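Questions regarding the structure given below will be posed in turn.
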Protein chains: 2
Amino acid sequence: MTPRTTENGRPAITALPDPPDLPPPLPEPTVANIRLETVLAALSDPLRLRIVRKLLLESEQFDHTCGWFGLDRPKSSLTHHFKALREAGITRQRQYGLERRSHVRIADLNARFPGLLDLVADWTPPER
Amino acid sequence: MTPRTTENGRPAITALPDPPDLPPPLPEPTVANIRLETVLAALSDPLRLRIVRKLLLESEQFDHTCGWFGLDRPKSSLTHHFKALREAGITRQRQYGLERRSHVRIADLNARFPGLLDLVADWTPPER
DNA sequence: TGTTAAGTTCGACTCAAGTCGTACTGAGCG
DNA sequence: CGCTCAGTACGACTTGAGTCGAACTTAACA
């Protein structure tokens with residue numbers, strides 16, 4: 001089975017199965033409670049768009065800490081944005097000791113809003 | 001040629017050709033200058049989501065005036081929202097005498113962000 | 001030419017969101 | 001125990017968006 005690809009040759013955004021024995025996720029909306037307007041609002045911020053896009057394109061295996069993103073912002077700002085993504089239902093966060101790791105809820109979002117993640121993956125950040 | 005349909009049976013959102021001899025469009029971004037983050041921000045407002053959805057699902061032939069939408073808001077608020085949609089590149093507005101009519105730039109948006117309009121068409125407004 | 005009506009413009013107000021410093025929490029580890 | 005370090009909580013500040021009233025513009029039309 002070869003992965004389906006999108007118009008521009010990139011492999012489509014698809015989900016991998018979860019490994020067992022993970023810490024429980026932090027509070028998040030159920031799939032049915034994910035609202036389009038909330039998701040769009042969360043993704044309308046360029047920094048959060050960068051975060052989600054990087055997770056989609058570069059996360060080799062599983063979830064990642066805040067530091068992995070290399071974002072030049074104070075920690076309190078990052079907390080704010082990662083919380084916004086999680087509460088919108090876009091990412092799932094789990095606590096590993098001191099670290100809080102994030103990944104995109106790919107299967108949930110593909111089920112609820114097919115095609116949306118592909119738009120994020122194909123996004124190009126504004127130059128400057 | 002029968003129209004392709006989406007997963008839930010609704011006909012896919014596709015564009016009709018423009019009739020000739022229209023008034024010129026009001027200022028709007030070119031297709032290449034439509035930004036994903038701007039479009040998502042414009043669509044994250046429930047009122048604007050309703051406007052676009054209604055245009056997609058119920059506009060029988062061509063574009064529609066503000067009044068057609070039956071929105072219970074003062075005119076200055078409607079001006080604000082229709083301008084936001086137009087400047088984001090989501091709608092095109094043309095002046096017909098006193099009236100300013102809007103329609104969705106379906107072909108442009110399907111080319112730039114495939115699948116996005118289908119998400120809007122399938123959206124269900126929050127109850128109450 | 002005067003009236004009507006669609007829509008804009010302007011300015012004021014409110015509120016939510018982004019930004020960030022500072023203090024705090026809590027796991028890991030010597 | 002006490003240090004370190006990831007991340008949170010809280011609060012202050014600023015900015016931008018949504019909301020709207022009031023005055024204005026301008027076709028259409030009698």
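On a predicted model such as this, the values are computed, not experimentally measured, just so you know. Here is the naming used below: chain letters follow the sequence lines, and residue numbers restart at 1 for every chain. All heavy atoms count here, side chains included; hydrogens, waters and symmetry mates do not.
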Q. Between Thr79(B) and dT8(C), does any side-chain N or O lie under 4.0 Å from OP1 or OP2?
A.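 Answer is yes, contact under 4.0 Å.
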Q) What nucleotide, of dG7(D), dT22(C), dC10(C), holds the atom closest to the side chain of Ser76(B)? A) dC10(C)
(Q) Looking only at side-chain N and O atoms, does Arg100(B) offer a donor or acceptor that is under 3.5 Å from a partner on Gln93(B)? (A)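 There is no such pair between these side chains.
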Q) Mapping Asp45(A) and Gly97(A) to their closest nucleotides on DNA chain C, which lands nearer the 5' end? A) Asp45(A)
Q) Which listed nucleotide (dT8(C), dG7(D), dG21(D)) is nearest to the side chain of Cys66(A)? A)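 Closest of the options to the side chain of Cys66(A): dG7(D).
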Q) What's the NZ-C1' distance between Lys75(B) and dA23(D), to the nearest Å? A)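 Atom-to-atom, Lys75(B) to dA23(D), this comes out as 11 Å.
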Q | Leu109(B) and Val31(B), any side-chain heavy atoms less than 4.5 Å apart | A |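 Val31(B) does not reach Leu109(B) side chain to side chain.
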Q) With a 3.5 Å cut-off and just heavy-atom distances, do the side chain of Ser77(B) and the base of dG18(D) make a donor-acceptor pair? A)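 Between dG18(D) and Ser77(B), which were checked side chain against base, a qualifying N/O pair under 3.5 Å is absent.
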Q.
Please report the distance, rounded to the nearest Å, between CG in Leu78(B) and P in dA6(C).
A.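 Distance check: Leu78(B) CG to dA6(C) P gives 12 Å.
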(Q) As a test of understanding, state which of Arg50(A), Arg86(A), Arg73(A), Arg48(A) forms a side chain to side chain donor-acceptor pair (under 3.5 Å) with His81(A). (A)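 One option only clears the test, and that one is Arg48(A).
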(Q) Please confirm whether the shortest side-chain N or O distance from His81(A) to OP1 or OP2 of dT19(C) is below 4.0 Å. (A)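 Yes, because at least one side-chain N or O of His81(A) sits under 4.0 Å from OP1 or OP2 of dT19(C).
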Q | Phosphate OP1/OP2 of dG7(C) contacted by Arg101(B) side-chain N/O (<4.0 Å) | A |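 The answer is no; no side-chain N or O of Arg101(B) sits under 4.0 Å from OP1 or OP2.
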Q. Given side chains that start at C-beta, do those of Trp68(A) and Glu99(A) come closer than 4.5 Å, heavy atoms only?
A. no
Q: To the nearest Å, give me how far apart CD1 (Ile51(A)) and P (dG7(D)) are.
A: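 Distance, rounded to whole Å: 12 Å.
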Q) When you measure from the side chain of Arg53(A) to the backbone N and O of Trp123(A), does any donor-acceptor pair fall under 3.5 Å? A) yes
Q) Could you give the CD-to-P distance, from Gln95(B) to dT25(D), as a whole number of Å? A)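 To the nearest whole Å, that distance equals 16 Å.
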Q. Taking atom P of dA17(C) as reference, at what distance in whole Å does atom CD of Glu87(A) sit?
A.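 Distance check: Glu87(A) CD to dA17(C) P gives 11 Å.
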Q. Which one, dG18(D), dT8(C), dG21(C), comes nearest to the side chain of Pro74(A)?
A.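 The closest nucleotide is dG21(C).
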Q: May I have the distance from Arg86(A) (atom CZ) to dT8(D) (atom C1'), rounded to whole angstrom?
A: 11 Å
**Q.** Whole-Å gap separating C1' (dG18(C)) and CZ (Phe82(A))
**A.**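 It works out to 15 Å between those atoms.
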**Q.** Proximal nucleotide (of dG18(D), dG7(D), dT22(C)) relative to the His80(B) side chain
**A.**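 Nucleotide nearest to His80(B)'s side chain: dG18(D).
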Q: Write down the distance between CZ (Arg73(B)) and C1' (dT8(C)), rounded to a whole number of angstrom.
A: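 For the pair Arg73(B) CZ and dT8(C) C1', the rounded distance is 19 Å.
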